[in-house]
Amino acid sequence: MSALDKKLLRDMVRLWAQALAIALVMASGVTTLILAVGAYRSLEETRSAYYERYRFADVFATAKRAPEFVERQILEISGVAAAEARIQEFALLDIEGMEQPATGLAMSLPDYRELRLNRIYLRKGRLPDPGRVDEVTINEAFATAHNFELGAKFHAILNGYKRPLTVVGIALSPEFIYSIGPGDLIPDDRRFADLWMSEKAMAAMFDLDGAFNSVSLKLLRGANQAEVIKQLDDILERYGGTGAYGRKDQPSHAFIDAELKQLKSMAQVIPPIFLLVSAFLINITLTRLIALEREQIGLLKALGYRRLTIAVHYMKLIVFIAAVGIVIGVVAGTWLGQGLTRLYADFFHFPFLIFKRGMDIYAIAAGISLATALLGGLRSIYTALTLPPAVAMSPPLPTHYAHLGIEKLQLIRHLSQLTIMAIRHIIRWPVRSALTVLGIAMSGALLITALFSLDSIEFMIDTIYFQADRQDATVNFTHEQPRKVLQEVEHLPGVLRVEPYRSVAVRLRHGHYNRKLAIVGRPPGADLSRILDRDNRPVELPQSGLLLSERVAKLLHVSRGDMVDVEILDDSRGQGSLDATSIGTRRSTRRLPVAGIIQSYLGLAVYMDLLALNEMLDEAPVVSGVHIAIDKSRTGELFKAIKGLPAVSAIALQDASLAKFRETLATNLTIMTTVYVVLSVIIAFGVVYNSARIQLSERVREFASLRVLGFTKGEVSHVLLLELAILVAAAIPLAFVIGYGFAWATVQGFESDLYSLPFIIKSNTYAISALVVLAAATVSALIVRRRIDQLDMIKALKTRE
Amino acid sequence: MAQSRKKSHAKTSPDVMFKVEGVTKVYHTGELDIHALSGVDLTLYEGELAVLLGPSGSGKSTLLNILGGLDVATDGHAWFRENEITRLTESELTSYRRDHVGFVFQFYNLIPSLSARENVALVTEISKNPMKPEEALGLVGLDHRLDHFPAQMSGGEQQRVAIARAIAKRPEVLLCDEPTGALDSKTGVHVLEALTSVNEELGTTTAVITHNMAIADIAHRVFHFGDGRITKTYANKKRVAPDKVQW
Ligand SMILES: Nc1ncnc2c1ncn2[C@@H]1O[C@H](COP(=O)(O)OP(=O)(O)OP(=O)(O)O)[C@@H](O)[C@H]1O
Ligand SMILES: [Mg+2]
């Protein structure tokens with residue numbers, strides 16, 4: 001090994017703590033990059049492979065009842081490659097040992113051919129035999145939640161008849177990677193099932209012989225999806241079509257999209273923060289090292305070492321630090337990536353997982369980190385190269401300190417000389433001080449970004465469960481029911497109050513913006529389930545006009561007072577009208593004013609008065625479901641009674657839903673918060689430790705002299721600690737500001753058609769972030785302080801500079 | 001003069017090692033220009049041991065730095081043998097230093113993180129025909145301190161390591177800027193002995209800056225500096241051995 005490399009090695013050993021602190025910051029960047037990009041790619045790749053192999057459809061539509069020949073009409077739409085029609089109905093499930101009824105979506109499987117689209121992956125067993133009304137294949141998650149093996153039995157209420165079903169197969173489907181029950185906030189695999197049954201059996205059960213009520217289409221490459229949807233809607237209109245939609249509105253697909261979007265924004269925001277901070281740390285550390293080694297550099301030049309050799313010498317140092325950071329980052333990133341993917345496996349149902357862990361992402365992460373690191377060192381290396389050998393031989397001039405400019409103030413006279421030393425040092429290096437402050441602030445900001453989501457979600461939970469949807473349970477019907485069903489529900493045991501609602505599929509248009517969604521009609525004075533305005537105060541529904549959630553208003557570019565066109569997709573009058581020859585009956589469209597903008601964190605909410613809605617639809621009043629208040633001591637009886645109601649497709653209990661919501665969040669948020677806290681501590685520690693070490697090295701003679709003059713160890717450390725304290729104190733408010741910004745950006749990045757997050761940061765979050773930063777800073781400062789205590793006065797004064 | 005040259009032909013026509021003609025050096029520092037050198041002429045012969053004397057700020061170091069290729073002259077010419085060093089580019093100067101010049105500085109300038117042996121190896125690794133680091137350290141009487149770090153050695157020992165480092169590549173010239181400045185007389189004698197023995201045994205042309213008039217007695221020739229010029233030059237009739245120098 002050359003003498004120069006030996007010097008490098010010993011420098012590394014001497015600087016190991018600083019180097020490690022920097023390497024850890026860099027490692028955090030690498031980790032988060034590999035984690036986010038790796039998870040993004042794995043998820044994306046797995047999903048698209050699954051879609052590809054199991055032929056996930058592009059367009060979906062439901063109808064009331066469409067005769068078989070309509071399928072051929074659909075196939076003639078230009079751009080359609082394949083179609084798969086089926087029967088699908090919701091069913092209440094009665095499972096032994098579970099008091100509460102579960103809900104299943106029963107779907108028909110063609111009896112004598114394979115599925116053309118949305119093929120299912122059979123994990124175990126087989127598909128139901130043709131015509132068997134008592135055989136069912138169920139989704140894997142539901143089976144796991146109930147410990148169902150092949151041969152397990154449960155009951156389902158199918159079109160009013162309670163039937164025993166035997167599990168003959170366990171399967172997964174690309175339609176239900178994310179499988180959520182009607183009215184639920186979060187998947188609950190115990191309470192929601194996908195059921196596949198024989199087509200012949202289902203047709204018989206639901207009186208749909210020779211007909212279907214659901215169709216999926218695969219489009220040709222380059223087909224115009226909007227045009228296909230329009231034509232499909234036209235065809236299905238008279239069969240009770242409720243409006244076709246593309247993948248973007250398919251719930252499972254949309255949820256994964258939302259997750260992918262978040263991973264992407266994580267990959268774009270978090271790693272750069274770490275890499276920039278590590279570049280800064282390398283910059284200050286190397287600048288200091290080169291200042292310390294001025295004479296050594298001059299000497300090397302005097303001895304005839306070439307500039308390139310010297311540059312390479314210092315670059316090796318950077319490369320070494322970066323290499324340590326990259327190795328730690330790669331290991332941690334891979335390990336955490338597996339953890340995250342495992343988490344996904346719990347949350348998303350895939351038959352297989354493709355770990356997309358291409359070498360390229362490692363290469364990119366390593367390349368970017370190394371480049372940032374070298375960039376951080378560029379300036380100081382350049383300084384080293386331009387040092388003329390002769391100048392390097394003469395001792396450096398004493399550091400020039402500026403007057404504070406505030407000396408005239410009375411106040412300053414009261415400060416001790418030691419305090420003034422600390423302040424002058426900060427002012428002497430304004431850029432470095434500012435960047436140190438920024439670095440520490442980043443740590444606090446990251447924490448705020450992590451912790452605020454707890455505040456937001458708590459707020460969202462309070463709003464949804466305790467301010468808006470205050471009902472104890474929601475009962476959904478398989479199909480719209482006449483209003484008299486209300487009395488029936490009211491008379492169920494334990495029911496205290498009922499409030500009906502009616503949901504209608506529509507397409508809202510404003511200018512060239514349009515969106516398919518559901519209008520929910522509610523009775524005036526509804527008190528169980530309330531609508532909240534943007535300040536979360538309950539609002540009364542206006543007698544006419546629509547209340548739109550902020551998200552919908554944004555999508556349609558409307559504000560209060562604008563008119564929107566309401567195209568009614570879900571027209572129950574169309575039901576059964578079989579004069580199929582009169583093609584081209586235009587769907588009815590109304591023009592309604594936007595009466596107000598309201599708050600809603602879930603879905604695309606649009607409300608209107610129930611009476612006005614019924615009037616608009618020009619039909620006998622019907623309801624889609626009811627919100628109920630119940631006597632919680634009688635839920636057992638209630639459930640039993642509901643299991644006997646043929647019209648009911650699902651009952652969602654607010655308590656259970658909230659519990660499940662919290663349970664899911666608890667796992668996810670705990671992991672996330674832990675990761676963020678660790679990352680923030682690494683940054684805070686790295687920045688404070690490095691700047692303290694550099695300060696110490698710059699002032700070691702000064703400190704030694706002070707000790708010689710008779711100052712105590714405590715007084716001397718005071719100078720160093722005070723400077724750090726001032727920097728940290730300045731960083732904390734900045735952290736609040738940056739954290740506020742990050743949190744705001746996170747809320748924006750989170751927003752989708754499925755949910756949006758309220759922007760709430762509690763003072764606790766600020767306080768905790770400040771405390772964590774303070775603690776990390778204090779610990780690192782104290783470590784450096786110990787070095788002052790052990791200061792060897794003689795040695796420090798003997799060495800030059 | 002030049003009694004102890006190794007090369008026999010030297011007596012008749014000693015080779016010129018350095019030739020300096022009208023070299024000036026001006027430092028521009030804010031308000032006023034500092035004329036560190038204002039027209040220096042000088043010739044140094046091969047194998048010669050020269051001492052440069054003069055008050056502080058008279059330009060000794062500046063000249064030495066220019067001769068050694070550490071600094072560039074503002075005006076004038078300087079030759080190393082037939083090469084004009086005042087015309088060399090930055091990278092040519094680097095090669096010049098690497099191949100021909102050995103430096104010894106007042107503050108030793110050892111690399112603190114390298115041992116004595118390694119500090120010397122720093123040079124031998126990049127030279128064409130070096131001695132072994134151990135050999136160079138032997139020449140300055142430090143064979144027993146090979147693996148000591150600078151912090152573990154006295155000032156005189158450190159300075160001798162610096163000399164060993166300078167001579168290890170068998171340079172043609174050895175430039176020493178106050179090599180004994182930081183030392184007491186006893187250690188100073190050790191250092192001077194090391195310098196004279198290198199000069200005698202290897203025939204290395206040596207220039208030594210000092211503030212100590214007594215040291216001038218060990219030289220073949222003495223140059224007096226004053227105000228950026230050479231004010232007086234003389235050859236010693238009788239050279240004194242280092243251990244006889246009094247200060
Ligand atoms: N980098 C520089 N910038 C400005 N002036 C300089 C610089 N280096 C040297 N000088 C000035 O040039 C003059 C000559 O300096 P030089 O170092 O050659 O003196 P010296 O004879 O070696 O003095 P000493 O015996 O104190 O080492 C002095 O006035 C000095 O202040
Ligand atoms: Mg000098």
Side-chain angles (χ1 to χ4, degrees), chain A residues 1-16 19 289-290 292-314 316-317 384-397 400 697 700 792 794-801, chain B residues 25 27 29 36 61-72 90-128 133 149-151 155 158 162 165-166 168-169 171 175 177 182:
Chain A
M1 194 193 302
S2 77
L4 215 51
D5 284 339
K6 277 187 198 151
K7 165 185 176 302
L8 182 76
L9 213 66
R10 298 200 180 120
D11 281 347
M12 283 308 303
V13 171
R14 193 165 48 84
L15 292 171
W16 74 268
L289 187 69
I290 283 172
L292 272 180
E293 297 189 345
R294 248 170 84 89
E295 296 111 66
Q296 300 185 30
I297 295 164
L299 173 83
L300 291 173
K301 288 187 175 178
L303 294 179
Y305 276 89
R306 295 184 197 291
R307 289 199 287 188
L308 186 67
T309 319
I310 297 170
V312 168
H313 175 67
Y314 287 101
K316 278 185 189 164
L317 188 80
L385 293 187
T386 49
L387 271 179
V391 170
M393 298 319 302
S394 54
L397 300 168
H400 180 80
S697 112
V700 64
D792 179 345
I794 317 293
K795 206 173 142 198
L797 291 176
K798 226 171 77 178
T799 51
R800 279 179 78 202
E801 217 245 355
Chain B
K25 176 72 186 181
Y27 288 109
T29 58
S61 299
T62 306
L63 180 67
L64 208 69
N65 287 344
I66 290 171
L67 290 181
L70 289 181
D71 209 346
V72 288
E90 153 101 40
S91 69
E92 286 166 343
L93 280 175
T94 304
S95 305
Y96 162 62
R97 292 195 301 265
R98 179 191 281 237
D99 298 337
H100 306 288
V101 187
F103 283 103
V104 178
F105 308 97
Q106 179 179 1
F107 294 103
Y108 333 135
N109 281 308
L110 299 181
I111 304 272
S113 55
L114 296 180
S115 67
R117 190 207 308 260
E118 289 159 356
N119 261 288
V120 177
L122 198 60
V123 169
T124 56
E125 279 166 8
I126 57 166
S127 9
K128 288 189 181 114
F149 284 92
Q158 290 185 52
R165 184 177 61 189
K169 65 172 157 191
L175 305 176
D177 194 345

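Order of the sequence lines fixes the chain letters, A, B, ..., with proteins taken first and strands second; residue numbering starts at 1 for each chain.
Residue A:Leu9: no heavy atom, backbone or side chain, is found under 4.5 Å from chain B. Contacts of B:Ser91 with chain A are made by backbone atoms alone, with heavy-atom separations under 4.5 Å and no side-chain atom involved. Heavy-atom distances place no part of B:Tyr27 under 4.5 Å from chain A, backbone and side chain included. Heavy-atom distances place the side chain of A:Arg307, and not its backbone, under 4.5 Å from chain B.
In terms of heavy-atom pairs under 4.5 angstrom with chain A, the leader among B:Arg165, B:His100, B:Arg117 is B:Arg165. Ranked by heavy-atom pairs under 4.5 Å with chain B, the list A:Lys7, A:Glu293, A:Arg10, A:Lys6 is led by A:Arg10. Per-residue counts of heavy-atom pairs under 4.5 Å with chain A were compared for B:Pro171, B:Ser115, B:Ser113; the largest is that of B:Ser113.
Although no hydrogens or angles enter the test, the distance criterion places a donor-acceptor pair under 3.5 Å between the side chain of B:Glu125 and the main chain of A:Ala3. Judged purely by atom type and a 3.5 angstrom limit, B:Arg97 uses its side chain to pair as donor or acceptor with the backbone of A:Lys301.
Rounded to the nearest 0.5 angstrom, B:Ile126 CD1 and A:Leu4 CG are separated by 9.0 Å. Considering OG1 of B:Thr94 and CG of A:Leu308, their distance stands at 11.5 Å, rounded to 0.5 Å. In this structure, the separation between OG1 on A:Thr386 and CD on B:Glu90 is 9.5 Å, given to the nearest 0.5 Å.
Looking at heavy atoms from C-beta onward, A:Tyr305 lies in side-chain contact with B:Leu122 at the 4.5 angstrom threshold.
Considering every non-hydrogen atom in both B:Arg98 and A:Gly304, the closest pair reads NE-O, 2.8 Å.
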